[in-house]
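Everything numeric in this text was worked out from a predicted model, so none of it was measured.
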Amino acid sequence: MYIEQEDILNHISAKPFHIISEAADELGVEAYVIGGYVRDIFLYRPSKDIDVVAVGSGIELAKVVAGKLGKKTHLSVFKNFGTAQVKSGDLEIEFVGARKESYNRDSRKPIVEDGTLEDDQNRRDFTINAMAYNESQGLVDIYGGLADIKAGVIRCVGDAKERFTEDALRMMRAVRFSAQLGYRIDEDTRTAMTELAPNLQKISAERIQ
């Protein structure tokens, strides 16, 4: 079951989203809710973990939002990763600046550069996790994540072999999403998983667990 696109505004019109939008306007940056939270709106799945990507400094945006949310709000800044987390009540909001990533063949650690919203969507694993939304532009879904939700499909963003070569753990995530949602895995995605399955040997037992 999925929500219609025109109804998404009902879910992103209340606090804290109007505060995020207000803070972004003050800083002159674009900000989008992105990833799992957007996916779960369409699936009617409750989620309190919100990911926000800013085309600019995610940390600065988080600081302004934390100030607007009040005294009981806790702000954590992780400068080495360019991210920040705001906790307010039972909400957790993760902020990051839009970025593009590249990988060395023998490392799961990406080389990170500032980027656009599209760059940030490009680096995500599956189409259903690459949708973004803000009030001015609406749903930004360049990889057809909503269509894949309607069809019940797990499909990699872009080239599946590239996504799994970047991070072999994504193969485990594909299986987990398929099991949790009852979705089939796209044929190209499944073929790449079969070919690259030996790469899971590079993943620590703790991560697989």
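To the nearest 0.5 Å, atoms CG (N199) and OG1 (T165) are separated by 6.5 Å. Here the NE2-CG distance, from H18 to D25, works out to 12.5 Å after rounding to the nearest 0.5 Å. Distance check: F164 CZ to M172 CE gives 12.0 Å after rounding to the nearest 0.5 Å. Note that CZ of R170 is 11.0 Å distant from CD1 of I203, once rounded to the nearest 0.5 Å. Note that CZ of R190 and CZ of R184 are 9.5 Å apart. Values are rounded to the nearest 0.5 Å. Between the NZ atom of K63 and the CZ atom of F95 there is a distance of 13.0 Å, given to the nearest 0.5 Å.
Contact of the Y183 side chain with the F177 side chain is not registered, since no non-hydrogen atoms from C-beta on lie closer than 4.5 Å. Inter-residue side-chain proximity for L69 and P16 is flagged as met; some heavy-atom pair is nearer than 4.5 Å. Inter-residue side-chain proximity for V64 and E26 is flagged as met; some heavy-atom pair is nearer than 4.5 Å. Put simply, the side chain of V140 reaches to within 4.5 Å of the side chain of Y32, judged on heavy atoms. When side chains are defined from C-beta on, R173 counts as touching N129, because their heavy atoms get closer than 4.5 Å. The side-chain heavy atoms of E30 and Q137, taken from C-beta on, include a pair separated by under 4.5 Å.
Salt-bridge annotation for R124 and D120: present, with a side-chain N of the basic residue lying under 4.0 Å from a carboxylate O of the acidic one. Ion pair R99/D119 not flagged as a salt bridge, since none of the NZ, NE, NH1 or NH2 atoms sits closer than 4.0 Å to an Asp/Glu carboxylate oxygen. Ion pairing of K87 with E94 is absent here, as no side-chain N (NZ or NE/NH1/NH2) approaches a carboxylate O to less than 4.0 Å. Salt-bridge check for R163 with D125: failed, with every basic side-chain N at 4.0 Å or more from each acidic carboxylate O.
Scanning both residues, A168 and L200, for their nearest heavy atoms gives O-CD2, 3.5 Å. Between A23 and V65 the shortest heavy-atom distance is CB-CG2, 3.7 Å. Shortest non-hydrogen contact noted between A160 and T189 is CB-CA, 3.9 Å. In terms of heavy atoms, A31 sits closest to I20 at CB-CG2, 4.4 Å. For the pair S88 and T73, the tightest heavy-atom approach, listed with the atom from each and the gap, is OG-OG1, 3.6 Å. The shortest non-hydrogen separation linking F42 to I149 is CB-CD1, 4.1 Å.
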**Request:** Please step through side chain to side chain contact (heavy atoms under 4.5 Å, CB included) for the pair I41 and L43, ending with a clear verdict.
**Result:** CA-CA 5 Å; I41 288 174; L43 293 173; over 6 Å; no
**Request:** With side chain to side chain contact (heavy atoms under 4.5 Å, CB included) as the test, would you mind laying out the steps for I128 and D148 before giving the verdict?
**Result:** CA-CA 7 Å; I128 64 173; D148 283 343; 4.1 Å; yes
**Request:** Could you walk me through whether Y143 and N122 pass side-chain hydrogen bond (donor to acceptor under 3.5 Å, both in side chains), step by step?
**Result:** CA-CA 9 Å; Y143 286 108; N122 288 343; 2.4 Å; yes
**Request:** Begin with the C-alpha distance, continue with both residues' side-chain angles, and end with the deciding distance and a verdict on side chain to side chain contact (heavy atoms under 4.5 Å, CB included) for R45 and L181.
**Result:** CA-CA 11 Å; R45 298 205 317 178; L181 299 176; 3.4 Å; yes
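The closest donor-acceptor contact from the side chain of T191 to the backbone of E187 lies under 3.5 Å. T83 contributes no side-chain N or O that, together with a main-chain N or O of K79, makes up a donor-acceptor pair within less than 3.5 Å. Here the side chain of Q121 pairs no donor or acceptor atom with the backbone of I34 at under 3.5 angstrom.
Summarising the local packing, CZ of F78 is surrounded by more than 12 heavy atoms from other residues, nucleotides or ligands at distances under 6.0 Å. Atom CD of Q201 has 12 or fewer heavy atoms from other residues, nucleotides or ligands within 6.0 Å.
In the hydrophobic cluster analysis, where Ile, Leu, Val, Met, Phe, Trp and Tyr join through side-chain heavy atoms closer than 4.5 angstrom, V157 is grouped apart from V175. Transitive grouping of hydrophobic side chains (ILVMFWY, heavy atoms separated by less than 4.5 Å) keeps V96 and V33 in distinct clusters. Follow the hydrophobic side-chain contacts under 4.5 Å out from L27 and you reach I93 in the same cluster. I50 and M131 fall within a single hydrophobic cluster, where Ile, Leu, Val, Met, Phe, Trp and Tyr side chains are chained together by heavy-atom contacts under 4.5 Å. Linking ILVMFWY residues whenever their side-chain heavy atoms come closer than 4.5 Å, directly or via other members, leaves I59 and L117 in distinct clusters.
In this model, a donor atom of one side chain and an acceptor atom of the other lie less than 3.5 Å apart for S136 and N134.
Within the 6.0 Å centre-distance limit, the rings of F17 and Y37 are counted as a close aromatic pair.
For E162, the side-chain contact (heavy atoms from CB on, under 4.5 Å) criterion is met by D159, not counting sequence neighbours.
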